[in-house]
Amino acid sequence: SRVSFSEAFNTIKENFLKNFKILFEGGEAELCLMEPDDLLETGLEIKAQPPGKRLLNLKLLSGGEKTLTSLAFLFALFEYKPSPFCVFDEVDASLDEANIQRFLKFLHKLKEKTQFLIITHNFKTMEEADYIYGISMNEPGISTIYSMKMTGKEKET
Amino acid sequence: SRVSFSEAFNTIKENFLKNFKILFEGGEAELCLMEPDDLLETGLEIKAQPPGKRLLNLKLLSGGEKTLTSLAFLFALFEYKPSPFCVFDEVDASLDEANIQRFLKFLHKLKEKTQFLIITHNFKTMEEADYIYGISMNEPGISTIYSMKMTGKEKET
Amino acid sequence: IYLDRLELHGFKSFPDKTVIKLHQGITAVIGPNGCGKSNIVDSVLWVMGEQKIKNLRGENNEDLIFNGSSSKKPLGMTEVGAYFSKEDEEIYIARRFFRDGESKYILNERFCRNKDIQDMLFQLRMGGTNYFIFEQGSIEKLVSLKPSEKRMLIEEAA
Amino acid sequence: IYLDRLELHGFKSFPDKTVIKLHQGITAVIGPNGCGKSNIVDSVLWVMGEQKIKNLRGENNEDLIFNGSSSKKPLGMTEVGAYFSKEDEEIYIARRFFRDGESKYILNERFCRNKDIQDMLFQLRMGGTNYFIFEQGSIEKLVSLKPSEKRMLIEEAA
Ligand SMILES: Nc1ncnc2c1ncn2[C@@H]1O[C@H](COP(=O)(O)OP(=O)(O)OP(=O)(O)O)[C@@H](O)[C@H]1O
Ligand SMILES: Nc1ncnc2c1ncn2[C@@H]1O[C@H](COP(=O)(O)OP(=O)(O)OP(=O)(O)O)[C@@H](O)[C@H]1O
Ligand SMILES: [Mg+2]
Ligand SMILES: [Mg+2]
């Protein structure tokens, strides 16, 4: 319906700008309607300007900057309507240490309403997890799962 | 010419299998001609079987396994005919610690004949480097380069 | 609503029945290259109804069935089950695929069609949730979705 | 033959003339997200003759020229130079692009066409070297090249 789309859009647009500024520590960004007069059909566009930089084609952003901009958008959606669960397969692979920390701070807030399943090779991400499963192939070609206890966060499977 | 193609192919094929076994600590792999009777036109195919697994479609390999298989092939080419230089932009992003070590051992051998320029966020890769440049954006939007001295490997720009 | 556990049986590199219990908060999955972590992600996409095998890194549907190892023979079928908890209720969905090409879909205690599972997921407000499953390398693509696709995300949230 | 140094001027996020001296062995480039590391990779591809702007993550050729920052105005042109050492000889190639769309190619001391640079690179046995420049995410694609493309790699080595 047109009313709820426009209400959702306005809140998510606001969330997106706020999240972008947190993840980039500044800068400007916008979620905008391509045809504001045609609310029923209009597409959406993202504009992103990291701090100190000029607004450029999104393609020119770096790998890490694209990931952060995507996360700002995704988290904006979650803050409006949390998804029950979310799966991330190595989203931290292209992020530097400082950006991983900012990413993890977001997860810390959002995890109250959303279950996160994160595949990772990164130790900081593992520290932030409430539970850790290890997958191994002790018998070649056969995956087995085992739970891992975390120091100070003893958990059972 | 047909003779040099077939000589190059046979050596590279042998190198590829040897490299694969080193990077995967075993397993089987093959670089094969799709039409062995048509040496002038035949295409090439790669088959890869990590240790203990059955031969499967390459697409089903994991991110890290695809990277390692690609590296086995690339290094096979370099061992036959070294490229003067090679640029890797975060190729280690999808590799686990153990595989990064195997990758770095290869670079250690190949760097005698090839200059490597490697963009990385990984500390083990940085330790293996002979020179390190840092890029920073102290002035927002403007990239500047500075050389970094390594302990025990003092270098100047 | 939350996902309580997944059961993988004969799915890709998981020949033996494997239960993955999920908890509130953040669950991390770790392990060396090639050990099967992304296969778990594929199993979630598949049980939620993914129809395009190339989105699961395969070429034929058979690629989803455990294809054997040096110590185990290939299997003839695969099954993935997911248990959801909603207030006091438990909802079970499962999907099976056989080497002869037959597919089965299960909702709670009975066989059903894929459509019935999709309808149930929509009721649970998890329709179109594939947007919230990000395989390796796919998170960056969120910003480069077509304008109409980005709009869809807002519509689903509304 | 080896690459002695690169000079970037006005290229993407490098407005000031920046010299990157390369050494024998392994040179690592590090820095936070977005600081300009991959832009250096783009500059190597570009000076070696890359014609498709989308392979450099751009949409228009102008995307390669420094577009300004909060403290500096956009520039009107970009230039990337590469110095190669071959035994006692130094070989210089450079490429310029202007906002009005004009391109210049330079080989040693004189202007030339892109074709002359490509011929020189082939002579130095660095033709088709783009295969050995792997941008972010592209190494995995080596195994999924078409059979005819994989063949090309063997032919170039032969
Ligand atoms: N049908 C199948 N039968 C048996 N093994 C399979 C099947 N499909 C995929 N595999 C195996 O699963 C492995 C890939 O697993 P997966 O992609 O989950 O790895 P991963 O843990 O995500 O690794 P990475 O850290 O490199 O991303 C491959 O080695 C492949 O051989
Ligand atoms: N023509 C241009 N003028 C000014 N800045 C530009 C231009 N083209 C690209 N940039 C900037 O360069 C930055 C991206 O740089 P680059 O891709 O090299 O980052 P990176 O160091 O590789 O980061 P990551 O570690 O995330 O991959 C973007 O922020 C973009 O704004
Ligand atoms: Mg994976
Ligand atoms: Mg980069």
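Each chain gets a letter, A, B and so on, in the order its sequence line appears, and its residues count up from 1.
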* To do: Please name all residues satisfying salt bridge (Lys or Arg N to Asp or Glu O under 4.0 Å) with R57(C), sequence neighbours left out, ordered by chain then number.
  => D42(C)
* Asked: Closest approach of L22(C) and Q115(A), non-hydrogen atoms and distance?
  -> CB-NE2, 3.7 Å
* Hey, what do you get for CD (E139(A)) to OG (S70(C)), rounding to the nearest 0.5 Å? -> 8.0 Å
* Asked: What is the distance from atom CG of D92(A) to atom CD1 of I139(C), rounded to the nearest 0.5 Å?
  -> 11.0 Å
* **Winner by heavy-atom pair count (cut-off under 4.5 Å) against chain A, out of A157(C), S138(C), G36(C), G31(C)** => A157(C)
* Asked: Which residues, numbered in order, of residues 58-72 of chain A come under 4.5 angstrom of chain C by heavy-atom distance?
  -> L58(A), G63(A), K66(A), T67(A), T69(A), S70(A), L71(A)
* Under 4.5 Å between any side-chain heavy atoms of K21(C) and Y133(A), yes or no? -> yes
* Structure fact -> Turns out that what part of D16(C) lies under 4.5 Å from chain A's heavy atoms comes down to side chain
* Asked: In Å and rounded to the nearest 0.5 Å, what is the CD1 to CD1 distance from I40(C) to I135(A)?
  -> 3.5 Å
* Is the count of non-hydrogen atoms from other residues, nucleotides or ligands lying under 6.0 Å from E41(A) atom CD greater than 12? -> no
* Excluding sequence neighbours, so at least two apart, what forms salt bridge (Lys or Arg N to Asp or Glu O under 4.0 Å) with K141(C)? -> none
* Asked: With side chains defined as the heavy atoms from C-beta onward, is the minimum distance between K37(C) and E90(A) less than 4.5 Å?
  -> yes
* Structure fact -> Max heavy-atom pairs within cutoff under 4.5 Å with chain A, candidates I30(C), I20(C), I1(C), V143(C), goes to I30(C)
* So F78(A) and F132(C), would you call those rings parallel, tilted or perpendicular, with 30° and 60° as cut-offs? -> perpendicular
* To do: Determine the option with the most heavy-atom pairs under 4.5 angstrom with chain A, choosing from Q136(C), K150(C), E140(C).
  => Q136(C)
* Asked: Side chains of E156(C) and L77(A): closer than 4.5 Å at any heavy-atom pair?
  -> no
* **Approximate separation, where rounding is to 0.5 Å, of I142(A) CD1 and F14(C) CZ** => 11.5 Å
* **Heavy-atom check, side chain of Q24(C) versus side chain of D130(A), under 4.5 Å** => no
* Would the number of heavy atoms belonging to other residues, nucleotides or ligands and lying under 6.0 Å from NZ of K109(A) be above 12? -> yes
* To do: Give, as side chain, backbone, both or neither, the part of K72(C) having an atom under 4.5 angstrom from any heavy atom of chain A.
  => side chain
* Structure fact -> From the list P15(C), S69(C), A28(C), the residue making the most non-hydrogen contacts under 4.5 Å with chain A is A28(C)
* Heavy-atom distance under 4.5 Å to chain A: side chain of S144(C), backbone, both or neither? -> neither
* Where on L31(A) is there a heavy atom nearer than 4.5 Å to chain C: the side chain, the backbone, both, or neither? -> side chain
* Structure fact -> For D96(A), the salt bridge (Lys or Arg N to Asp or Glu O under 4.0 Å) test, sequence neighbours excluded, returns none
* F9(A) versus chain C, heavy atoms under 4.5 Å apart: side chain, backbone, both or neither? -> both
* Structure fact -> Max heavy-atom pairs within cutoff under 4.5 Å with chain A, candidates A158(C), C35(C), S71(C), goes to C35(C)
* **Check: S83(A) main-chain N/O paired with R125(C) side-chain donor or acceptor under 3.5 Å** => no
